[in-house]
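What follows is a short report on a single structure.
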Amino acid sequence: MHSDIKQVLYPEEQIRKRVRELGQTITQDMAGEDVVLLALLKGSVIFFADLIRNVASHIRVDFAWVSSYGDGTTSRGVELKVFPDEDLSGKTVVVVDDILDTGRTLAAVVHKLRSEQSVKDVKTCVLLDKKARRVVELEADWVGFHVEDFFVVGYGLDYADRYRNLPYIGVLNEHCYQTEDAPGEAGICKDHGVE
Ligand code: XMP
């Protein structure tokens with residue numbers, strides 16, 4: 001698995017330090033608010049677990065299952081599979097995701113929360129912000145790192161549901177994924193022991 005990674009962008013220790021800072025900032029910025037931290041599954045799960053342990057105030061947590069579809073590395077649309085049925089009215093909801101890329105996912109979730117639930121406010125927190133590929137005008141309230149236009153995996157981020165368990169964030173070797181120009185099988189790195 002590690003041999004499929006071309007470059008480590010954020011090692012474990014750097015992520016730990018930054019997530020601690022994000023938790024502290026959210027604690028300060030959200031002081032006095034009735035906060036629900038909402039994790040978008042599956043990608044944010046590891047980030048979320050670390051983030052909430054660095055928020056030092058009373059919060060509640062909830063989960064939504066959102067999946068984007070495309071060719072594996074490009075999202076074209078968003079499907080909200082499971083959304084919390086908990087009553088979020090009057091709450092400040094902090095939506096937590098792994099990466100803000102085209103912006104479609106976060107925009108769809110924020111829109112749904114604002115239009116269908118009488119929330120007090122909606123904020124957004126992402127570990128990674130890949131501004132270069134944005135198609136929807138959206139900025140997150142809290143960002144861990146700004147990344148260039150690489151397809152990244154690890155620390156919850158996947159390709160074809162793999163690599164989420166890497167403890168760091170890295171750039172996947174191009175030959176490990178298919179693109180529109182070079183269609184292939186998901187998990188193409190069989191020669192590297194992925195399958
Ligand atoms: P956007 O902002 O494009 O993001 O709606 C949709 C979802 O796509 C995933 N995503 C990535 N996953 N490496 C990944 O492993 C990436 O570089 C990447 N870019 C986008 C992610 O789950 C995000 O929520």
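Bear in mind the structure is a predicted one, so any value in this text is a computation, not a measurement. One is the number of the first residue; the rest follow in order along the sequence. Whatever order the structure lists ligands and atoms in, that order sets their numbers, starting from 1.
Taking every non-hydrogen atom of Thr102 and a distance limit under 4.0 Å, the qualifying atoms of ligand 1 come out as 1 (P), 2 (O), 3 (O), 5 (O). Proximity to Arg104 (heavy-atom distance under 4.0 Å) selects the following atoms of ligand 1: 2 (O), 5 (O). Below 4.0 Å from some heavy atom of Asp158 lie the following atoms of ligand 1, by number and element: 14 (C), 15 (O). In the vicinity of Asp97, heavy-atom distances shorter than 4.0 Å reach the ligand 1 atoms 24 (O).
With values rounded to the nearest 0.5 angstrom, Cys125 atom SG is found 12.0 Å from Leu38 atom CG. For the atom pair OG1 of Thr27 and CG of Leu22, the computed distance is 10.5 Å after rounding to the nearest 0.5 Å. Taking CG from Leu138 and OG1 from Thr124, the interatomic distance works out to 6.0 Å, rounded to the nearest 0.5 Å. For the atom pair CD1 of Ile26 and CD of Gln24, the computed distance is 11.0 Å after rounding to the nearest 0.5 Å.
No side-chain heavy atom of Asp98 sits less than 4.5 Å from a side-chain heavy atom of Tyr155.
Contacts with ligand 1 closer than 4.0 Å are made by side-chain heavy atoms of Asp98 only, the backbone lying farther away.
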Kindly indicate, with the supporting measurements, whether the criterion side chain to side chain donor-acceptor pair (under 3.5 Å) is fulfilled by Tyr159 and Asp4. CA-CA 11 Å; Tyr159 173 70; Asp4 298 343; over 6 Å; no
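Under a 4.0 Å heavy-atom criterion, Phe150 is in contact with ligand 1. Ligand 1 lies out of reach of Arg133, whose nearest heavy atom is not under 4.0 Å from it.
Under a 4.0 Å N-O distance rule, the pair Asp121/Lys123 qualifies as a salt bridge.
Not one N or O of Phe151 is nearer than 3.5 Å to an N or O of ligand 1, by distance alone. Checked by distance only, ligand 1 and Val153 stay at 3.5 Å or farther apart across all their nitrogen or oxygen atoms. At least one N or O atom of Lys130, backbone or side chain, sits closer than 3.5 Å to an N or O atom of ligand 1.
For NZ of Lys17, the number of neighbouring non-hydrogen atoms (other residues, nucleotides, ligands) closer than 6.0 Å is 12 at most.
The nearest non-hydrogen atom to atom 13 (N) of ligand 1, considering only Leu41, Leu157, Val152, Val147, comes from Val152.
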